[in-house]
Every structure is written in structure tokens, then in C-alpha cells.
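Heads up, the thing below is written out as C-alpha cells.
A, B, ... follow the sequence lines: proteins, then strands. Residue 1 opens every chain. Fair warning: this is a prediction, and the values are worked out from it, not measured in the lab.
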Amino acid sequence: MTNLTYIEDLSAKAGQEVTLQGWLYNKRSSGKVRFLILRDGTGLVQSVMVKGKIPEADFAAFDRLTQESSLWVTGLVRAEPRAPGGYELDLTSVHPWHLAQDYPIAPKEHGVDFLLNHRHLWLRSPRQQAILRVRDEIIRACRDFFGERRFILVDTPIFTPTACEGTTTLFETDYFGDRKAYLTQSGQLYLEAAAMALGKVYCFGPTFRAEKSKTRRHLTEFWMLETEIAFAELEDIMALAEALICAIIQRVLATRVKELTALERPLGPLEAIQPPFPRLSYTAALERLAAGGHQVPWGEDLGAPEESFLSESFDRPVLIHRYPKNCKAFYMKPDPGDPRTVLCVDVLAPEGVGEIVGGSQREDDLEALLERLEEHHLPREPLEWYLDLRRYGSVPHSGFGLGLERLVAWICGLHHVREAIPFPRLMDRLAP
RNA sequence: UCCCCGGUAGCUCAGUCGGUAGAGCAGGUGGCUGUUAACCACUUUGUCGGCGGUUCGAGUCCGUCCCGGGGAGCCA
């Protein structure tokens with residue numbers, strides 16, 4: 001009976017009578033010709049009703065329909081060059097399901113605070129739908145990338161007994177009244193254990209940071225893709241990160257141009273993302289910074305202005321490797337060629353986005369790792385299980401983590417990571 | 001935690017030198033046989049973020065607190 005269809009499939013149904021289910025995006029009237037613009041999550045389509053060619057009750061339903069009312073309609077699919085999607089619907093019946101109350105988000109301009117307070121409704125807007133579709137595609141591209149390379153997905157815990165690295169602020173929670181638990185800031189240490197079991201592994205899950213950061217690059221809850229590979233050295237994971245980023249960009253360009261266009265994201269800069277990516281040692285980066293007027297003493301970490309300068313210097317991501325030891329985490333392995341530095345890499349995205357990947361070769365020697373723990377004033381006892389990995393068949397191994405929202409923000413050309421996640425958690429925003 | 005900017009109608013904002021509150025949009029009513037954030041006419045809507053102070057008089061000046069935005073620090 002009913003030819004139930006999604007809007008994105010209308011082009012295959014030209015000339016047929018179909019049924020659409022969705023919501024009213026907008027309506028316009030010119031008296032006896034009335035237009036309903038419908039959305040169903042797959043697209044927008046304009047439908048037309050003419051007085052006398054549709055039952056009078058259906059024609060009159062137009063007056064009651066408010067923005068975002070839910071409804072189902074039937075009509076004839078007709079090619080229409082003037083329509084944005086190329087097709088229009090000549091309505092034969094209109095059935096409201098629910099008449100929406102005054103919808104707060106008009107198809108007009110709104111401020112950020114207002115929109116974030118209505119995030120549950122803001123998601124319905126075409127722009128937010130486009131972002132979420134790109135995010136979905138990026139996630140699938142990541143899973144495919146690792147799956148095709150025979151990596152095994154290993155889920156790491158979200159409750160942890162201690163900090164993975166003692167330095168950062170963790171969200172603390174009560175654990176059955178007598179203990180504290182912390183929300184994870186990284187799955188890495190657990191992933192190292194998994195790599196010793198399965199060889200090549202990755203995890204993908206939420207990460208929590210209680211830092212009081214108020215910038216367009218920070219969320220308190222974000223999603224991180226992490227990988228860990230037994231027998232891999234720094235150069236191996238640098239090549240892997242490069243291949244991963246290229247694969248993701250290629251996938252999005254192959255499947256989500258419509259969404260990128262809706263976001264007014266220029267495609268040129270994305271099409272330029274091809275291997276090889278430039279590689280700069282920290283020391284070489286300092287020289288480049290000095291030449292650009294940024295004086296940084298050797299041994300100091302790079303700040304946000306320096307990262308922006310470097311990322312804007314190239315038309316593709318740049319890999320900065322071998323930072324000074326004191327800037328980085330305890331588990332990173334010193335460079336045998338220069339023990340003042342560690343075998344680590346940060347990937348900075350172009351267009352001023354900044355760091356999207358951080359990784360390193362891990363210290364695999366038990367004694368050296370114990371020394372690093374002492375240098376960082378970290379307690380040994382809670383990490384004994386991690387030290388076991390260096391007692392039972394230790395091997396060289398390396399891995400990296402990729403911040404999903406920063407990647408989504410870069411690819412979509414967003415100004416702020418808060419639009420790159422469905423329900424952003426920020427320092428001063430926990431709802432909706 | 002620090003620095004900068006902001007808070008006026010449901011939304012986006014204007015409000016001059018301190019003189020008693022405005023526009024557009026949304027909502028409502030009517031009109032229009034091809035509209036594209038449709039248009040035209042008419043029309044409802046205010047704890048000017050809170051508290052205190054100066055003043056004959058405060059949206060406007062001062063103090064303080066709250067909330068939001070941008071940035072820094074921090075941050076695989």
C-alpha cells in the first residue's frame with residue numbers, strides 16, 4: 001500500500017506516489033498554493049499542495065502545522081529543477097502526528113549560549129546534522145583502517161584506580177563509599193598490556209579531563225582513538241598516523257562532500273592532504289620558530305602561539321618529534337641518539353587547528369622506567385601491574401592517541417570543538 | 001586561577017550628554033495560484049542579570065556578586 005521512503009532516496013522514485021515521515025522544517029503560502037518543507041533526517045524536500053487538488057481537510061491542516069510538528073504525507077515525486085534536491089512532492093494527503101508548541105530555534109541567527117542551552121533541539125538543524133554525519137563517517141573510517149590492517153579492538157576501562165600520569169587533573173568519584181575511583185584520561189597503559197597479548201591493538205572511547213581549560217580546542221569529555229603496537233618503533237607509528245589521517249580524509253572526500261559543502265568547508269585544503277607529511281624534530285622546529293620571530297629556549301614546551309605558527313606554515317599536517325624529556329610523560333623512551341629528548345611525536349593539523357595526535361615509543365626497560373617514575377614523583381605500587389609488562393617478555397613498542405573532536409573540527413572547518421560532539425561537556429556546561 | 005568582552009521583549013540587537021523602553025525576526029489576525037530565511041497590512045510581548053550606592057531622576061555613573069563568550073595557563 002504505502003511506498004514508504006526517505007528523502008535522500010526520492011530521486012529513485014520519480015513519478016511514483018510515496019509516503020514520507022518527518023518534521024516540518026518551514027512552510028510558506030501564496031494563498032491557494034502552499035508549500036511544506038519537510039525534513040526526515042536524511043534531507044529536506046519541498047512539498048506542494050494546491051487548493052482543490054487535495055482533500056479540503058488536508059489542505060486546511062497547513063494552517064495548524066507549526067515549525068517542527070511531526071507528520072506523514074503522501075504525494076507524487078516530481079523532478080523540479082528549481083528545488084535544491086532536484087525533486088519536489090505534489091501532495092495528495094497530509095497527516096499531522098503532533099503539533100509542536102512554539103519552537104524556540106527559528107531559522108534565523110542565534111547566539112552560542114542560547115543554542116548550547118537548546119543543544120537537544122539544535123541537533124535538528126541542517127548544519128549540526130551535517131557535522132554528525134561527518135563524525136560518523138570519520139569513526140567508521142578509523143574502524144575500517146585498523147580492521148583492514150588486522151588490529152584488534154580492545155576496550156579499556158573508564159573507571160581507574162589511579163592517574164595514568166600523575167600530572168593532570170582527574171575527575172574523582174566515590175566508589176562504594178570506601179574508595180575513590182577516577183574517570184580515565186587515557187587507555188594507553190591498558191592498551192600496552194593488550195598489545196603484549198595481541199600484538200596490534202586499538203581502543204576508542206571517551207576520555208575525561210578536569211582541567212579548567214576554556215578554549216576552542218578543549219572539552220572536559222572527549223573521544224580518543226588510541227593504538228598500541230608491539231615491536232613498533234617511533235618511525236613506524238609516525239608512518240601509521242600519517243596513513244590513518246590520509247585514509248580518513250580520503251573517505252570523507254569520497255562520501256561526505258554534500259555535508260562539507262553544506263558546512264561551507266572549502267575542499268581544496270583537504271584535497272591537499274597527501275603523504276608525505278613534513279617531519280621536524282623539536283630542535284629543528286625551534287630554528288624554524290626563531291626564523292619566524294618566535295624565540296623559544298631549548299627545553300621549554302611549545303605554547304599555543306608556537307603550535308599555531310608551525311601548523312600554519314604547512315599545507316598538510318606536520319609531525320614534530322623528539323621533544324625534551326622534561327616536557328613529556330614518564331613512559332616515553334629517551335632517544336639513544338640524544339638522551340635529553342624522548343622518542344615522541346605530535347601531529348599538528350594545518351589551518352591553525354593544532355595538535356590532533358600525540359604518540360611515542362614507550363620505555364621498555366624496567367630499570368629505566370623505575371628511574372623515570374622517581375623523577376616524576378609517581379608512586380610505584382599502583383603501577384606494579386604496568387611494570388610487569390617489562391618483567392615478562394618486554395619488547396619495543398609504540399602507540400599514539402588521536403583526539404576525535406579536534407579532527408572533526410578540522411575536517412568540518414569548525415571554529416570550536418563544542419560543535420564536533422553531540423552533547424559537549426565544558427568547564428561551565430554540563431547540560432543538556 | 002589570571003586577562004579581555006558581554007548580559008535590554010521568545011530570538012538577534014540598538015538605546016546619544018543621566019530625563020521615564022525601541023527595531024527586525026518569531027508569535028497572533030487578515031491577504032496573495034510558485035514561494036525559496038517568501039512577501040504585504042495590522043498586532044501582543046519588558047524583574048534593562050541580582051543586590052547596594054550616587055542623584056530630583058539610573059538601562060546609562062560607582063561598588064559588589066552571579067551568568068555567558070574569547071584567550072592564557074594547563075592539556076598525549
Side-chain angles (χ1 to χ4, degrees), chain A residues 25-37 44-53 59 62-63 66-67 78 80-85 88 90 100-118 121-122 125-126 164-165 167-170 184-189 191 207-220 222 224-228 237 241 301-305 307-308 320-321 323 327-332 342 344-348 354-360 362 398-403 406 415-418 426-429:
Chain A
Y25 179 70
N26 203 353
K27 66 176 184 180
R28 288 182 276 270
S29 164
S30 184
K32 298 194 171 55
V33 181
R34 296 175 167 183
F35 305 91
L36 294 172
I37 295 96
L44 289 171
V45 68
Q46 175 163 275
S47 57
V48 190
M49 52 164 80
V50 178
K51 190 175 176 68
K53 295 184 179 176
F59 187 76
F62 179 93
D63 292 325
T66 50
Q67 188 190 357
R78 174 172 48 78
E80 170 58 70
R82 286 173 292 183
E88 234 176 41
D90 287 325
Q101 302 174 24
D102 275 357
Y103 189 66
I105 303 180
K108 303 281 178 186
E109 289 177 11
H110 293 283
V112 173
D113 183 46
F114 176 81
L115 289 171
L116 284 173
N117 285 335
H118 295 82
L121 303 175
W122 188 20
S125 75
C164 293
E165 309 157 36
T167 54
T168 46
T169 318
L170 295 172
T184 183
Q185 60 175 356
S186 167
Q188 183 202 313
L189 303 191
L191 211 53
T207 299
F208 307 89
R209 300 281 163 89
E211 274 100 26
K212 296 190 172 179
S213 299
K214 287 179 66 175
T215 83
R216 62 197 182 89
R217 302 181 302 279
H218 287 90
L219 296 165
T220 56
F222 64 98
M224 187 153 67
L225 177 78
E226 293 174 275
T227 182
E228 196 72 31
I237 59 151
D301 207 354
L302 303 181
E307 283 195 3
S308 294
I320 314 287
H321 56 87
Y323 280 68
C327 300
K328 292 294 179 178
F330 75 92
Y331 49 73
M332 296 185 179
V342 288
C344 68
V345 60
D346 283 357
V347 179
L348 308 182
E355 181 179 350
I356 52 172
V357 167
S360 70
R362 322 304 190 189
S398 305
F400 64 80
L402 180 151
R406 288 184 181 180
H415 177 68
H416 197 302
V417 289
R418 65 187 164 212
L426 301 157
M427 197 176 109
D428 293 313
R429 192 175 288 281

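By the side chain to side chain contact (heavy atoms under 4.5 Å, CB included) test, A/S30 pairs with no residue at all, sequence neighbours left out. Checked against side chain to side chain contact (heavy atoms under 4.5 Å, CB included), A/I37 has the following partners two or more places apart in sequence or in another chain: A/Y25, A/N26, A/R28, A/L44, A/Q46. Take A/E307 and apply the side-chain hydrogen bond (donor to acceptor under 3.5 Å, both in side chains) test, not counting sequence neighbours, and it matches no residue. Among residues two or more places apart in sequence or in another chain, the side chain to side chain contact (heavy atoms under 4.5 Å, CB included) test is passed with A/H416 by A/R216, A/R418, A/L426. Under the side-chain hydrogen bond (donor to acceptor under 3.5 Å, both in side chains) criterion, A/K27 pairs with no residue at all, not counting sequence neighbours. Here A/R429 pairs with A/D113, A/N117 under the side-chain hydrogen bond (donor to acceptor under 3.5 Å, both in side chains) rule; sequence neighbours left out. With sequence neighbours left out, the side-chain hydrogen bond (donor to acceptor under 3.5 Å, both in side chains) criterion links A/R406 to no other residue.
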Quiz item: Reading nucleotides 29-35 of chain B 5' to 3', which nucleotides get B (base under 4.0 Å from a protein heavy atom), which S (sugar-phosphate only), which -?
Solution: ---BBBB

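The residue among A/T66 and A/M332 whose nearest nucleotide of RNA chain B is located toward the 5' end is A/T66. If A/T215 and A/K27 are placed on RNA chain B by their nearest nucleotide, the residue sitting closer to the 5' end is A/K27.
As judged by a 4.0 angstrom heavy-atom cut-off over every strand, A/H118 is placed among residues making no nucleic acid contact. Heavy atoms of A/G401 sit under 4.0 angstrom from at least one base atom. At the heavy-atom level, A/N26 lies under 4.0 Å from the strands shown only through sugar-phosphate atoms.
Between the C1' atoms of B/A9 and B/U44, the separation comes to 11 Å (whole Å). Straight-line distance between the C1' atoms of B/G70 and B/G27: roughly 34 Å, to the nearest whole Å. Comparing the P positions of B/G6 and B/G10 gives an interatomic distance of 23 Å, to the nearest angstrom. Using atom C1' as the reference point in both B/C11 and B/G52, the two lie 32 Å apart (nearest Å). Only the P atoms considered, B/G71 is 43 Å distant from B/U55, to the nearest whole Å. B/U8 and B/G15: their P atoms are spaced 14 Å apart (whole Å). With C1' as the reference atom, B/U45 and B/U29 are 16 Å apart, rounded to whole Å. A distance of about 12 Å separates the P atoms of B/G59 and B/U16, rounded to the whole Å.
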Quiz item: Run the side-chain contact (heavy atoms from CB on, under 4.5 Å) check on A/H110 and A/H118 step by step: do they pass?
Solution: CA-CA 11 Å; A/H110 293 283; A/H118 295 82; over 6 Å; no

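Shortest non-hydrogen contact noted between A/D346 and A/K328 is OD2-NZ, 3.2 Å. Listed here is the closest heavy atom pair of A/E226 and A/S186: OE2-OG, 2.8 Å. Here the closest heavy-atom approach between residue A/R34 and residue A/S29 is recorded as CG-OG, 3.9 Å.
Distance from the side chain of A/R429 is smallest for B/G69 among the nucleotides B/G70, B/A76, B/G69. In the set B/C75, B/G71, B/A37, B/C75 carries the atom at the smallest distance from any side-chain atom of A/R406. Listed nucleotides: B/A37, B/G71, B/A76. Nearest to the side chain of A/H415: B/G71.
No donor-acceptor pair closer than 3.5 Å links the side chain of A/S213 to the backbone N or O of A/T215. Although no hydrogens or angles enter the test, the distance criterion places no donor-acceptor pair under 3.5 Å between the side chain of A/Q188 and the main chain of A/G359. With hydrogens and angles disregarded, no donor-acceptor distance shorter than 3.5 Å links the side chain of A/Y323 to the backbone of A/L302.
Using a 4.5 Å heavy-atom threshold, the side chains of A/T66 and A/D102 count as separate. Two residues are said to be in side-chain contact when any heavy atoms from C-beta on lie closer than 4.5 Å; A/L121 and A/P104 meet this criterion. Side chains of A/I320 and A/E355 form no contact here, defined as non-hydrogen atoms less than 4.5 Å apart. Counting only heavy atoms from C-beta outward, the side chains of A/F400 and A/T227 approach each other to under 4.5 Å.
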Quiz prompt | Dot-bracket encoding of pairs in RNA chain B, which uses [ ] for pseudoknotted crossings and | for another strand, Watson-Crick or G-U under 3.5 angstrom | solution = (((((((..((((.....[..)))).(((((.......))))).....(((((..]....))))))))))))....

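If you check distances only, the side chain of A/Y25 never reaches the base of B/A37 with a donor-acceptor pair under 3.5 Å.
When rounded to the nearest whole Å, the span between CZ of A/R209 and P of B/G73 equals 17 Å. Summarising the geometry, the separation between OH on A/Y323 and C1' on B/C75 is reported as 13 Å, rounded to the nearest angstrom. Following rounding to the nearest Å, A/K328 (NZ) and B/C75 (C1') show an atom-to-atom distance of 10 Å. One can place CG of A/D301 at 10 Å from P of B/G73, the figure rounded to the nearest angstrom. Between the CZ atom of A/R216 and the C1' atom of B/G70 there is a distance of 10 Å, given to the nearest Å. Atoms CG (A/L402) and C1' (B/A76) sit 11 Å apart, rounded to a whole Å. Between A/L426 atom CG and B/G69 atom P there is a gap of 7 Å when expressed in whole angstrom units. Here B/A37 presents its P atom at 18 Å from OH of A/Y103, a figure rounded to the nearest Å.
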Contact list (N/O, under 3.5 angstrom) for nucleotides 42-44 of chain B vs protein:
none

Distances under 3.5 Å between protein N/O atoms and the N/O atoms of nucleotides 1-6 of chain B, please, pair by pair.
{"from": "B/U1", "atom 1": "O4", "to": "A/K212", "atom 2": "O", "distance (Å)": "3.3"}

Just the atom pairs and distances: protein N or O near nucleotides 7-14 of chain B's N or O, under 3.5 Å.
{"from": "B/C11", "atom 1": "O2'", "to": "A/E109", "atom 2": "O", "distance (Å)": "3.4"}
{"from": "B/C11", "atom 1": "O2'", "to": "A/H110", "atom 2": "ND1", "distance (Å)": "2.6"}
{"from": "B/U12", "atom 1": "OP1", "to": "A/G111", "atom 2": "N", "distance (Å)": "2.9"}

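A cation-pi arrangement is not found for A/R209 relative to A/F222, the charged atom failing to lie both closer than 6.0 Å to the ring centre and inside a 45° cone about the ring normal.
Between A/R217 and B/G73 there is no side-chain N or O to OP1 or OP2 distance below 4.0 Å.
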